[in-house]
Structure formats: structure tokens, C-alpha cells
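Just so you know, residue 1 is the first one in the sequence shown, and it goes up from there. All figures in this text were calculated on a predicted structure; none of them were measured in a lab. Atoms within a ligand are numbered from 1 in the order they appear, just like the ligands themselves.
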Amino acid sequence: MATRRLTMAQALIEFLTRQLVERDGVEARFFAGCFAIFGHGNVAGIGQALQQVDGLRTYQSRNEQAMVHAAAAYARMKDRLGAFACTTSIGPGATNMITAAAGATINRLPVLLLPGDIFGRRNVAPVLQQLESERSQDVSVNDCFRPVSRYWDRITRPDQIITALPEAMRVLTSPSETGAVTLCLPQDVQTEAYDYPEELFRRRVWRVPRPRPEPELVAAAAELVRASARPLIVAGGGVIYSGACAALDRLARATGIPVGETQAGKGSLPFDHPQSLGAIGATGTLAANRIAAAADLVIGIGTRYSDFTTASKTAFQNPAVRFININVADFDAHKHAAVPLVADARAALDELGAALAGFRVAGAHAQRVESLRREWDAELERVLAGAGTPRPAQAEVIAAVQAASGPRDVVVCAAGSLPGDLHKLWRSRDPKSYHLEYGYSCMGYEIAGGLGVAMADPSRAVTVMVGDASYLMMAQEIVTAVQEGVKMAVVVIDNHGYASIGSLSESIGSGGFACATRRRGADGQLSGEVVAIDFAANARSLGAHAVRADSRAELAAALAEARGRDGVSVVVVETDTSVRVGGYDSWWDVPVAEVSEMESVGAARSAWEAAARKERHHL
Ligand SMILES: Cc1ncc(C[n+]2csc(CCOP(=O)(O)OP(=O)(O)O)c2C)c(N)n1
Ligand SMILES: [Mg+2]
């Protein structure tokens, strides 16, 4: 048997350069590179291996969490057909990745995490940053990755990667199983040599399948659709990952079944498609939510049915509502006691479409869809126009960013009050143009995610929309973008604090307690002056071009200028929070204190109890 003597780290990195994916006959390299922050736990092992390898570029980052966000955003932009590896030191460098690992797994996005780990050889323990246990020597902080990883392994002998790496690849390239894959790499084992079989390094092509649904279940589903009076499609992220948007367009047009979109599924249809109802659920449009309330059949495609999509299980109020779920993951396909079409979205839509030949929704349903679409469009125009306040409302900033964006440009966001507003208000014209991380809604994803999106598709202009508090949590990847010559615009919405949670706090009777960025006041509360933060100066200090926009005209000019500039352009805009985008026949379950000393909380609790009565099980 031919062998090659390599360190474990060299063999691992060499293996990554030989992995390809193939879908629909198109082959591509799977790993675009490796994000790295070096410490004693990886510099001599993986670091040395990255330095000598051909064909896998090393990218720096400023924070391990951020690099995993960037990697996840990259994978999402590539429809999961491309990914990054991420290498860190042991201890805090490693655990910094856990938050973003959870985000990747929840959003079903492939990232390969290579945290350093404590020595396999134990004679020098406890090593720097080691968590000791009196009960076992086989415990390290990296065990915290287990629940957030779809595959987790610790490599305590160099030959173990021979069996671990193919498992890692199987999971990373599986549409139903993908997420964070973590290989914990003890610092000493990374540097140990072994005679690896030459065939470990052969070129491997991982085929991404398009599993077809069971024909009997397609027939059963078609029968349900034909018998339905008010069917509705819920399009989730799986529609986009599968490249099923054209198939969805055909089915929706042919049958007239309207389509509501989740955060991950937004852009499945262009906003002006005759069957598009726009956003659905807690942050949905009035058109989608009214159709959902009366639907007698819901066809979920590539959706996890998060509480935002189901309005905490209150969205579907028709007592007779049934579900058909098209999902590549068995787990999601079976939700809500659905007819489970466990299949690739595109394959299943084609087959269901064929089985529905000649079917058209009843005229009354089509008319309702049409009139609600018109009603929503008028409401949308009203909201986007703002209320003439001295400073623009957030909706007006969204309208300005939209006006400055081309159809293929990408808007990136994750947390705060922006996601709900964008979900309702953004008019998607391309399936990859709306990039909202709303599975984990992780503050700090925005700028790092924008970097990953821009790296994945430099042909599109990227605009990150980020709240002031999310910016403060994680803005440092501006430096990485500058380092890599990445072009990206960042719009910082300054409303002086955690405004979304401030509104939520008001709605649960707590009046916005400790949610604004204010100095401690005479009353002992955070009720004093606003803490003035110069976000533009901050961004400039990191290497960005940055301006403040103090009027609507300045905002439009700054956005136009950003479009024409290379590098990172930051636009800071202070908004008027008195004008908010409301909800439309929707709800989100945030339980309120059952007992309290505050009357306002008691009132909120009663309202919550009444609303929660609408929650259903869908058994
Ligand atoms: C890492 C993280 N911490 C906490 C939260 C909870 N949270 C959601 S939105 C929000 C406030 C975000 O503030 P900002 O980015 O300024 O947006 P705004 O709410 O003002 O629109 C918080 C704290 C979160 N989603 N992510
Ligand atoms: Mg804010």
C-alpha cells in the first residue's frame, strides 16, 4: 500500500483540497478556504499545514465567532455547494465559535470547525486554558460543541482522521443532515506524523442528490390539493437551496395556489409574481396572514415551521386545515401531521405539478388572493413613505436602500427590529437577494455575514443593514473586508439601543426597562442622557469610508456614493422610533409574568392569556 508520511494536520488539510461536490452534473471544489486565528493550539499543527499546502487559501478574521458567521453566510450564498473550514486555538479561541456553530446548525448550513484541543498526551496537563475535571481526563471545553454540531469528533490519534474525514464530508454535503461539523484537534496530535494511505488523498466527488418523493404520497398529496378550497404554499429556505424557484413559479402559476415566504424562503418568487403574498407569519403581510388564517390546506416547502412562520401556532385557524410538507429532511416533512413528501424540493414540485395537471384553485380563492395583494401593496406604499417626521423612520431607510439597490444586489441582516420590517417591506426580485439570518437571529452576524456573502458572489453588491447595538457587538470584520479588498456597504441604524426589545418590553408591561443606551440617571435607572456614539468615526478607524446621513437627501446621496465606491462604505443614520411598522393579523408568543407588582404587567398578562388561546397543535 502506497503511503505518505504527513502530520495529522497536513493530512487533514491536504484531504480538504481534494473534495468536490456535484449536483445536476456541475462539479465544484467544496472548500473555498480556511478562516484562521492562530494560537498555541493550532499554529504549529494546522497553521504549519495551511502554510505549506497548495490550493487552500488562509483568511484571517478578528473573532472566531465572526469567522464562522462569515463561513455560514458563504455556504448559504452558494446554496450549500461550497463551504469554509475554520481553525482556532484551544480554549477561548475554540469556544468563541460555539455561538455561530449553533447558528450554522440551526440554519442547516455547512461549516467545518477545527478547534484545537488539549493534549492527547496527558503528561503536561493541565495545559494553558484547560478545563480540568476531577471525574474524567476526557473532558475539555470542546465538549460544548456536541449539541450544536451535526457531527462531532475528537482526534486523539493521527490515524483517526482516516475514518473521521469521510464522515465529516458525508454530513457537510448532505442536504438533510448538514450543519456545523466539529473535529476537535488536540494540539500535540496535530503535529504527529503517520504513514497515511495514498488513497485518502484521491479526488473525491460528493454527489448532492435530489431524492424523489414516494409516488403513492404524491398521489395522496395531489388528491388533497384537488379537494381543497383555500390552499396555500409556505416557501422556506429549502426552495432556494434546492434551486426550486422556477419549479415553484410554474406550479403556482399553473394552479393559482398563493405563496407566502418565510425569512429564509423570501425571494423564492419575485415580489410582483401574481401568486406572491410576500412574508408570512409573525412578521408577515396582511395578504399572507389572512390567506393563512382561512387556509384549509398548507403546502410547506423546505420550511422548519419556526414560531415566526406559524405565528406561534396561531397562523392557521381553519379547524379543518391539513398539511403537505415537501422536505428533504424526514424530521421537517413530518411536522404538523402532514402528508410527508420526503424529497428534494425541485423534484417534488415537478412531480406534484404533473399530478395536478388541469387543477386550478376556485375562482373565489383566486379573487381573494388578488384583492388582498392589491390591499397589501397600497399599505406597503403607505408604510414606505413614512410619516414626515424630522428624521426618517426605519421603513424609509429600508425604502432608500431598496431604491439604491439593483435586482441582484443582496441585503444582509440578522437581528433587532430590522428583520421584521425587512421581511414585510423588502421587495425581492432575485432568490439570492434577501439574506436574513433568522434561524438563530444572532446579533453580530450582519457584518461578518456580509463579508461571507460578498466573498461568495463578488458580482453582486452587498448592503448590510445593522442596528446600533448589533454593530457594537461585532463590527470588527470590517477589518477583514478591508484586508481582502471586499466591497460592501453597511447601513447602521442608530436608534440608541436595543429598540426591538424595548418595544417588546413595552408590550409585556415593562415600559422598555434597560433597553436604551442611556447614562444612569438620578432615579438610579438607565434614564439619563443618550450615550452618544460616533459610529462613523468607529467604522473609519477600522478602515472603512464612513459618513453620517442626517436627512433623507443625505441618506440617498450616501447610498448612491457607497454603490460607486470600492471597499467598505458605512452609512450611519439616526432614525425616528415613534413611527413603527405594525403587525398584520399576527402574533408571537412571549409569555408574560403570571404574577407581578406592576399593574401594566398584569394587563399584558391578560392580553397574552387571551391571545395564547388561539394556539393550535396540528395533530
Ligand atoms: C447575540 C444576541 N444577543 C441578544 C439577542 C436578543 N436581541 C434581539 S434583538 C436585540 C436588540 C438589537 O438591537 P439593535 O441591533 O440596535 O437593533 P434594534 O432592536 O434597535 O432595531 C437583542 C438584544 C440576540 N438576538 N442576539
Ligand atoms: Mg438599536
Side-chain angles (χ1 to χ4, degrees), residues 63-70 72-73 95-107 148 263 282-283 306-308 391-398 401 411-426 436-450 463-477 490-508 510 512-518 526 530-536 538-539 548 570-583 588-590:
N63 175 305
E64 293 85 356
Q65 179 185 327
M67 75 192 192
V68 181
H69 287 323
T95 53
N96 260 358
M97 292 200 290
I98 289 171
T99 296
T105 292
I106 286 167
N107 286 293
V148 297
Q263 286 277 16
T283 51
S306 85
D307 63 347
F308 267 77
R391 292 194 175 281
Q394 186 159 282
E396 291 177 82
V397 180
I398 290 173
V401 172
V411 66
V412 181
C413 189
S417 57
L418 274 164
D421 289 2
L422 283 165
H423 195 206
K424 284 185 271 253
L425 308 181
W426 191 261
L436 243 295
E437 190 283 283
Y438 214 66
Y440 209 39
S441 187
C442 186
M443 291 171 71
Y445 177 90
E446 300 87 350
I447 292 173
T463 304
V464 172
M465 296 194 73
V466 58
D468 54 317
S470 298
Y471 178 96
L472 286 178
M473 214 174 260
M474 199 165 276
Q476 74 294 325
E477 292 318 300
V490 178
V491 177
V492 182
I493 305 233
D494 188 2
N495 54 24
H496 312 297
Y498 307 99
S500 54
I501 307 302
S503 304
L504 188 58
S505 165
E506 282 166 26
S507 76
I508 55 121
S510 289
F513 171 69
C515 288
T517 313
R518 291 180 177 277
L526 298 177
V530 162
V531 179
I533 300 164
D534 190 340
F535 288 97
N538 181 282
R548 256 186 80 92
V570 175
V571 179
V572 182
V573 56
E574 233 180 280
T575 51
D576 189 312
T577 49
S578 68
V579 192
R580 297 179 196 164
V581 185
W588 184 39
D589 188 344
V590 178

Side chains of Glu396 and Asp576: closer than 4.5 Å at any heavy-atom pair? no
Would one find an N or O of Met473, backbone or side chain, under 3.5 Å from an N or O of ligand 1? no
When you measure from the Mg ion (ligand 2) to the N, O or S atoms of Asp494, does any of those distances fall below 2.8 Å? no
Structural part of Asn495 in contact with ligand 1, heavy atom criterion under 4.0 angstrom: side chain
Taking atom 6 (C) of ligand 1 as the reference point, the nearest protein heavy atom with its distance: Met443 SD, 4.3 Å
Donor-acceptor contact below 3.5 Å, side chain Ser505 vs main chain Gly512: yes
In terms of ring plane angle, is the pair Tyr471 and Phe535 parallel, tilted or perpendicular, where the classes change at 30° and 60°? perpendicular
Side chains of Ile493 and Met465: does their closest heavy-atom pair fall under 4.5 Å? yes
Tell me the angle that OD1 of Asn495 and O of Gly497 form around the Mg ion (ligand 2), rounded to 10°. 90°
Nearest heavy-atom neighbours spanning Ala414 and Tyr445: CB-CB, 3.7 Å
Hey, is ligand 1 close enough to Gln394 that some N/O pair sits below 3.5 Å? no
Any atoms of ligand 1 less than 4.0 Å from a non-hydrogen atom of Ser417? List them with their elements. 18 (P), 19 (O), 21 (O)
Decide whether an N or O pair under 3.5 Å exists between Cys442 and ligand 1. no
Donor + acceptor pair across side chains of His496, Glu574 (<3.5 Å): yes
Do any nitrogen or oxygen atoms of Asp468 lie less than 3.5 angstrom from nitrogen or oxygen atoms of ligand 1? yes
Can a donor-acceptor pair be found between the side chains of Asp421 and Gln394 at a distance below 3.5 Å? yes
Option of least heavy-atom distance to atom 15 (O) of ligand 1 (set: Ala414, Ser500, Ser470): Ser470
Between Glu437 and Gly439, is there a donor-acceptor pair closer than 3.5 Å when you use the side chain of the first and the backbone of the second? yes
Shortest non-hydrogen pair, Ser470 vs Val466, comes out as CB-CG2, 3.6 Å
Can you find a non-hydrogen atom of Gly497 under 4.0 Å from ligand 1? yes
When you measure from the Mg ion (ligand 2) to each N, O or S atom of Asp468, which atom gives the shortest distance? OD1
Looking only at distance, does Gly416 have an N or O less than 3.5 Å from an N or O of ligand 1? no
Please confirm whether Ser441 approaches ligand 1 to less than 4.0 Å, judged on its heavy atoms. yes
Please assess Thr283 against Gln263 for the test side chain to side chain contact (heavy atoms under 4.5 Å, CB included), listing each intermediate value before the final yes or no. CA-CA 9 Å; Thr283 51; Gln263 286 277 16; 4.2 Å; yes
closest protein heavy atom to atom 13 (O) of ligand 1 is Ala469 CB, 3.4 Å
Please report which non-hydrogen protein atom sits nearest to atom 8 (C) of ligand 1, along with the residue it belongs to and the distance in Å to one decimal place. Ile501 CD1, 3.8 Å
